[in-house]
Amino acid sequence: VVKPRQMLAGDLPFRDFVEPGAPFISAASALAQVASGHTLLGEAWLSIGALAAGVAATVWLAARLTGRVWPALLVGVLQIAIAPRLYNYPKIVFTAAGIWLCWRYVDRPATLRIVTLAACVALAFLFRHDFLLYIGAQAVMTIGLANVARPTTALRHVVVLGVSALLFVSPYLIHVQRSGGLAEYMRQAASFAEAIQISAPTRNNKLNAHCSAPARARLRLSSAPVVR
C-alpha cells in the first residue's frame, strides 16, 4: 500500500524508494487506487479480479488441451483450493498467458506472434523479475521444440524474441541506469531477497541474527516512505 501511494505522490521506483524487483505490481496497485477513489477497495478489485481471470484462463487452457470440461474444472478447483495469496496474482495470470501465447506460436510461428510472446515475457519481468526465468525459459524452450528440425529458424526466432523483449523493457532499464545504475539496482534486489528469505520463518517479526547488515537495512527501507 505504501509504495503505490508514494508513486501517486510522484515518487518512482529505485529513484525514490527501494525496489526489490516488482515495479509494475506497485504501479498496478497505484492505478487501482486511482480507479477506486484512492481507497483500498481498488486493491481488492485488482487482486481478486486478476486471480479470477487467471483461474478462468487456466480452465479454458485445460479444456482446450484435454477436449473435456470436467478435467478443466478440476484444474480450476485445485487452483482455488491451494488458496493463493492475493498479491501473488501475477503468478497465475502470466503463467496462463505465457502458455496460451506459446501455443499460438506453435500453431503458426509468425513474427508477430513471437513479438507478442516477447511482450508477455517483458511485462511479466516488470511485474516480477524472476518471471524472466520462468516465462522466458518457457518461450525459448517452445521455440526450440517447435523447430527441432530447423535449428537456424529456431535461433533466428529466439533472437527476435530476445531483442523484442529487451526493447519492451528498455525504458525501465534506462530509468534504473539514470537513477543509480543497474549494478546498484541488482545489489539492492539481492540484499532484499536475502533479508526476506532469512526472516521468513519468523514471519518478519524479527530478522535472524545471521542476516547481513545491508540486508536488514534494505528490508527496513523497503517499507519506509522516503522523506524529501
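Computation of the quantities below employed the complete heavy-atom set of this structure, encompassing side-chain atoms and omitting hydrogens, waters and symmetry-equivalent molecules.
In this structure, CD on E19 lies 5.0 Å from OH on Y172, to the nearest 0.5 angstrom. The CZ atom of R113 lies 14.0 Å from the CH2 atom of W103; values are rounded to the nearest 0.5 Å. A distance of 10.5 Å separates CG of L155 from CD1 of I143, quoted to the nearest 0.5 Å. With rounding to the nearest 0.5 angstrom, the OG atom of S47 is 13.5 Å from the CZ atom of R85. One distance of note links CD of E184 with OG of S191; it measures 8.0 Å at 0.5 Å rounding. In this structure, the separation between OG on S164 and CG on L117 is 9.5 Å, given to the nearest 0.5 Å.
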Inset, instruction - Given side chain to side chain contact (heavy atoms under 4.5 Å, CB included), test Q79 with I92 step by step and report yes or no. - result: CA-CA 9 Å; Q79 200 167 40; I92 294 179; 3.6 Å; yes

Inset, instruction - Walk me through it: do L166 and L173 pass the test side chain to side chain contact (heavy atoms under 4.5 Å, CB included)? - result: CA-CA 9 Å; L166 182 60; L173 297 180; 3.9 Å; yes

Inset, instruction - Begin from the C-alpha positions of K91 and Y134 and carry the test side chain to side chain contact (heavy atoms under 4.5 Å, CB included) through to its verdict. - result: CA-CA 10 Å; K91 293 182 179 179; Y134 307 125; over 6 Å; no

Legend entry - Check against side chain to side chain contact (heavy atoms under 4.5 Å, CB included), I99 and Q138: CA-CA 8 Å; I99 292 173; Q138 173 183 284; 3.8 Å; yes

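Criterion: ILVMFWY side-chain heavy atoms under 4.5 Å apart, direct or through other members. Under it, Y105 and W60 are part of a common hydrophobic cluster. Criterion: ILVMFWY side-chain heavy atoms under 4.5 Å apart, direct or through other members. Under it, V121 and L126 are part of a common hydrophobic cluster. L167 and V159 fall within the same hydrophobic cluster, where Ile, Leu, Val, Met, Phe, Trp and Tyr residues are linked whenever their side-chain heavy atoms come under 4.5 Å apart, directly or through other members. If you chain together hydrophobic residues whose side chains sit under 4.5 Å apart, V176 and L132 fall into the same group.
Nearest heavy atom pair, residue A165 against residue A118, reads N-CB, 3.7 Å. Heavy atoms only, all atoms of each residue included: P109 and H157 are closest at O-CE1, 3.7 Å. Minimum heavy-atom separation, C102 to A139: SG-CA, 4.0 Å. Between Q33 and L8 the shortest heavy-atom distance is OE1-CD1, 4.0 Å. Heavy atoms only, all atoms of each residue included: G144 and A154 are closest at CA-CB, 4.5 Å. The shortest heavy-atom contact between Y89 and A28 is OH-CB, 3.8 Å.
If you run side chain to side chain contact (heavy atoms under 4.5 Å, CB included) between H129 and each of F125, F127, F131, only F125 comes through.
Residues R64 and W100 form a side-chain contact, since some pair of their non-hydrogen atoms from C-beta on lies under 4.5 Å apart. Using a 4.5 Å heavy-atom threshold, the side chains of N147 and R156 count as separate.
Taking the six-membered ring for Trp, H175 and F14 have ring centres at least 6.0 Å apart.
A distance-only check finds no donor-acceptor pair linking the side chain of S179 to the backbone of R15 [under 3.5 Å]. When atom types are taken as modelled, the side chain of D11 and the backbone of M7 share no donor-acceptor pair closer than 3.5 angstrom.
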